[in-house]
Amino acid sequence: MKEKEEILQAIRRKYPQLSEPRLQEEIAEHGKLLHFNAGDTLMDFGSYIRMVPMIIEGSIKVSREDEDGNELFLYYLNAGDTCSMSFSCCMMNKKSDIRTVAEDDTTLIGIPIQYVDEWMSRFKSWQQFVMQSYDLRMRELVQTIDEIAFKRMDERLMNYLEKKSEAAQSKVINSTHQQIAFDLNASREAVSRLLKQMEKEGSVQLGRNKITLLD
DNA sequence: ACATTAAGTGATT
DNA sequence: AATCACTTAATGT
């Protein structure tokens, strides 16, 4: 089958840690290759998760929403990442607390939850993989949290831009000040002013709908 | 040329 | 740092 071959190749390329041949086969066997276009919502608040995604290409924006409907950007998932949130959600069969939207055109392997659990006990490298992504995401989250709590907006902005650029694999970010403000839960004016300042300092170059990271 | 949307600015709280 | 009230600039029709 073509899809199986594709998955097998993708696993070997992007997830070399999962080295056990039997595991690779099973992933190819039970995983579904899914494609999303930029802007597609993969998962919204309140929806049940039936699959754990393993990103092959593209990137996904993960965000949270508060009671008043303000959105807050949490982190990006890039190729080689999984959604740690989905592990716990799946296992507990809970509703999603987060929203995930494809940032670029994205392809991923969807693993049905039953196997995620089963493989944990059967494959060492899978278990390690799950634990590792938990650890990684935890660190990132903690970092994001104390950014919000302790750091000033300009640092948050810079960080956001760097991550976004990393996710897009480009120094050029196509985004309006409004959208950025929305992600950071700030006002558009604040973002505009900070960007202006950063431009004066020479760290970015601004254009309409476009920000270029210079450093 | 005109309308629309993005970005910049100063004042106010 | 948020909000308001504009202004200015870029783009689409």
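Note that these values count all heavy atoms, side chains included, but never hydrogens, waters or copies made by symmetry. Chain A is the first sequence line, chain B the second, and so forth, proteins listed ahead of strands; every chain is numbered from 1.
Taking 4.0 Å as the cutoff to heavy atoms of chain A, we find the contact window on DNA chain C bounded by dA1(C) to dT11(C).
Atom CD of Q179(A) is separated from atom P of dT5(B) by 14 Å (rounded to the nearest Å). The interatomic distance linking E199(A) (CD) with dT9(B) (P) rounds to 10 Å, in whole Å. Computed from coordinates, the F182(A) CZ to dA6(B) C1' distance equals 17 Å when rounded to whole Å. Atom CG in L195(A) sits about 12 Å away from atom P in dT9(B), given to the nearest Å. Remark: C1' of dA7(B) and CD1 of I211(A) are 11 Å apart, rounded to the nearest angstrom. Straight-line distance from the CD atom of Q197(A) to the P atom of dA7(B): 18 Å, rounded to whole Å. Counting to the nearest Å, the P atom of dT9(B) and the CG atom of L206(A) are 11 Å from each other. The NZ atom of K210(A) sits 18 Å away from the C1' atom of dT5(B) (whole-angstrom rounding).
Among the atoms of the strands shown, only primed sugar atoms or phosphate atoms (P, OP1, OP2) are found under 4.0 Å from some heavy atom of T176(A).
Judged by a 6.0 Å distance limit and a 45° cone about the ring axis, R137(A) is positioned over the six-membered ring of Y75(A).
Across the interface with DNA chain B, nearest-nucleotide mapping of E189(A) and R208(A) shows R208(A) to be the residue nearer the 5′ end.
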(request) Start with the C-alpha gap between K164(A) and E103(A), add the side-chain angles, then the distance that decides, and say whether salt bridge (Lys or Arg N to Asp or Glu O under 4.0 Å) holds. (result) CA-CA 9 Å; K164(A) 189 145 180 142; E103(A) 179 84 358; 3.0 Å; yes

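The aromatic rings of W119(A) and W126(A) sit perpendicular, their planes meeting at an angle over 60°, well past the 30° parallel limit. Using bins of under 30°, 30° to 60° and over 60° for the plane-to-plane angle, the ring pair H30(A)/Y115(A) lands in the parallel bin.
Under 4.0 angstrom from either OP1 or OP2 of dT5(B) there lies no side-chain N or O belonging to H177(A).
R122(A) and E118(A) are joined by a salt bridge, as a carboxylate oxygen and a charged side-chain nitrogen come within less than 4.0 angstrom of each other. Between K4(A) and E25(A) there is no salt bridge, since none of the side-chain N atoms of the basic residue sits less than 4.0 Å from a carboxylate O of the acidic one.
Linking ILVMFWY side-chain heavy atoms closer than 4.5 Å, directly or via other members, places M158(A) and I211(A) in a single hydrophobic cluster.
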